[in-house]
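Counting convention: from 1, in listed order, for ligands and their atoms alike.
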Amino acid sequence: MAQKIVAGNWKMNLSLSEGVKLVNGIESKIDSTDVRIIVFTPSLFAHPISQLNKKDTEVGVQNFNENEAGAFTGEISINQVKSVGVNIGLIGHSERRLYFNESHSVLKAKVDAAIGNGFEFIFCCGEPLDVREANQEFSYVKRQLDESLFHLTDAQIKGGTIAYEPVWAIGTGKTATTEQAEEMHKAIRTWIVEHYSEEIAETVSILYGGSCNPKNAEELFACPNVDGGLIGGASLNPEDFCAIINSF
Ligand code: PGA
């Protein structure tokens, strides 16, 4: 069975003290612990936030560099992240693809670097509005997965996590309908079956992201192929984030 996950993506928001307050708030409001909870903090905060040693909240980074080490000013390597006890990161968020020109091949290199270093990741995919309007969303998302993720072996992809985040729904207040989310999640699971097997496909968690909030989370999480959420805006306050987690 795929793991249930609700992850918060803080993006470039919050100061350290605000982040500490948020995580303390989350821990005090959670009722259910069978959902895996992760907060993706700015890299600088990953260590101090993880040092809070909260029982329910894991910490990850929003980005890392695909190279081992060297002259990459301003970047952070997987080994540096791991050296502070943080073992998970996002790959391929649409904002990284769009603003930092992360191509299919760069994202593939990040996937390989993560696999090679025993570093867990959530692979993000999703189509922009013009692609959906042209009814090309399935081929677009399939290409993102084919180019950067589906070269992995059975053993490497087993138990992994993919986040489907339609770009037109991110930070816009415009959520995908449950039909739109389920249809794409089901397609993603079917592609995993085609590339790997039914058994592997059942172990991969497929999260939905894009204006997920306490009002729509329950309906989205009730879809058979939605295993959780990657939450941006609504992860920045403990009430909303916990209401989303507790809606499972
Ligand atoms: P949002 O962001 O929930 O604010 O739409 C989701 C994300 O970008 O991960």
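Of the possible polar contacts, one joining the Arg189 side chain to the Val204 backbone as a donor-acceptor pair under 3.5 Å is found.
The pair Lys186-Glu182 does not meet the salt-bridge criterion, since no charged nitrogen lies less than 4.0 angstrom from a carboxylate oxygen. A salt bridge links Glu239 with Lys29: the closest approach of a Lys/Arg side-chain nitrogen to an acidic carboxylate oxygen falls below 4.0 angstrom. Salt-bridge annotation for Arg36 and Glu120: present, with a side-chain N of the basic residue lying under 4.0 Å from a carboxylate O of the acidic one.
Each of Asn9, Lys11, His93, Glu165, Ala169, Ile170, Gly171, Gly210, Ser211, Leu230, Ile231, Gly232, Gly233 has a non-hydrogen atom positioned under 4.0 Å from some atom of ligand 1.
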Exercise. Asn63 and His93: side chain to side chain donor-acceptor pair (under 3.5 Å), yes or no, with the steps?
Worked result: CA-CA 9 Å; Asn63 180 43; His93 190 280; over 6 Å; no
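Test Thr57, Ile37, Asn246 against Phe241 for side chain to side chain contact (heavy atoms under 4.5 Å, CB included) and you get one pass: Ile37.
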